[in-house]
Amino acid sequence: MYTRSGTLNRETYVTQYAPLVKRVAHQMLSKLPANVDVDDLIQAGMIGLMDSVERFEDDHGAKFETFASQRIRGAMLDELRAGDWLPRSVRRNQRTIESAITKLEHHNGRVPNEREIASELGMDLPQYHELLSDAKGAQLFYYDESDVGEDSEDFLSRGVGDTSSDPAGMLADKRFKLSLVAAIESLPDREKMLMGLYYEQDLNMKEIAAVMGVTESRVCQLHSQAVARLRGKLKGW
């Protein structure tokens with residue numbers, strides 16, 4: 001897999017690791033709004049892969065796949081940052097749902113169901129489901145969460161940003177993990193199952209839909225709702 005000069009064979013590596021680019025693209029896409037094109041992510045990722053081949057130094061002890069994954073992801077993020085692709089409604093809708101759930105939990109002392117949340121928002125159930133669908137891309141923890149105003153927030157840094165930032169250390173904090181586990185345990189059974197399949201079993205939305213016997217769009221709605229519940233419980237973090 002090396003050339004006579006001792007460098008990596010670009011063609012061989014690009015062919016072998018092209019599936020890695022697609023895997024990273026689809027993992028990232030599941031956390032982004034629906035208007036993001038997976039082909040654009042893959043194209044940017046392939047550039048990142050070729051850059052990895054050029055820059056990788058085997059004597060540093062790192063595995064090529066680990067090194068390449070970081071470069072591929074970085075190239076995709078650069079591509080996303082270069083375009084005006086994020087509907088601001090994603091963050092706004094999540095906050096709306098989150099606030100309603102938190103208010104109902106405090107008032108009733110229990111986890112509210114969907115009809116109660118819809119009623120609190122002054123909506124019927126189909127309207128609430130539409131709001132959940134519009135909140136696709138909502139994240140449990142935003143990397144640059146702060147007091148900065150809405151107009152200056154960088155969704156990429158919050159949602160799918162560099163894991164070397166300070167809040168990533170918070171995620172490694174044992175107390176946060178225990179709080180997160182407790183919050184997940186408090187979810188309704190179906191949402192708890194969804195979160196386990198998605199984050200522990202690494203299934204995508206289509207696969208989860210097949211397991212749960214619902215549509216893929218319904219899985220996205222339940223995911224948005226579960227994230228809103230968890231964010232409400234973890235506000236202190």
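Bear in mind that the values here come from a model prediction, so they are computed numbers and not experimental data.
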| query | What heavy-atom pair brings Leu194 and Ile208 nearest, and what distance separates the two atoms? | reply | O-CD1, 4.1 Å
| Closest contact, heavy atoms only, Ala68 versus Leu20 | CB-CD2, 4.4 Å
| Between Ile184 and Lys192, is any pair of side-chain heavy atoms under 4.5 Å apart? | yes
| field | Beyond-backbone contact of Met193 with Asp189, side-chain heavy atoms, under 4.5 angstrom | value | no
| Glu114 side chain reached by His129 side chain, heavy atoms, under 4.5 Å | yes
| Given side chains that start at C-beta, do those of Glu207 and Gln201 come closer than 4.5 Å, heavy atoms only? | no
| query | Which heavy-atom pair separates Asp51 from Arg55 by the least distance, and what is that distance? | reply | OD1-NE, 2.8 Å
| task | Quick one: sort the Phe56 and Phe67 rings into parallel, tilted or perpendicular, breaks at 30° and 60°. | result | tilted
| Partners meeting salt bridge (charged side-chain N to carboxylate O under 4.0 Å, His left out) with Glu116 (sequence neighbours left out) | Arg110
| said: Do Val227 and Leu132 sit in one hydrophobic cluster, given that two such residues count as connected whenever their side-chain heavy atoms are within less than 4.5 Å of each other, even indirectly? | reply: no
| Would you find a donor on one side and an acceptor on the other, under 3.5 Å apart, between the side chain of Arg229 and the backbone of Pro112? | yes
Show me, pair by pair, the donor-acceptor contacts under 3.5 angstrom made by side chains of residues 117-124, not counting sequence neighbours?
unit_1: Glu120; atom_1: OE2; unit_2: Lys103; atom_2: NZ; d: 3.1
unit_1: Asp124; atom_1: OD1; unit_2: Gln127; atom_2: N; d: 2.9

| task | Mind checking side chain to side chain donor-acceptor pair (under 3.5 Å) for Arg23 and listing every partner two or more places apart, or none if nothing turns up? | result | Glu65
| query | With side chains defined as the heavy atoms from C-beta onward, is the minimum distance between Leu180 and Leu234 less than 4.5 Å? | reply | yes
| task | Report yes if some heavy atom in the side chain of Asp39 is under 4.5 Å from a heavy atom in the side chain of Gln43; otherwise report no. | result | no
| said: Using every non-hydrogen atom in the two residues, find where Ile101 and Gln225 come nearest and quote the distance to one decimal. | reply: CD1-O, 4.1 Å
| Arg218 side chain near Met212 side chain, heavy-atom distance below 4.5 Å | no
| request: Report yes or no: do Gln70 and Arg73 form a side-chain donor-acceptor pair below 3.5 Å? | output: no
| query | At their closest point, which heavy atom of Leu49 faces which heavy atom of Ala18, and how far apart are they? | reply | CD2-N, 4.1 Å
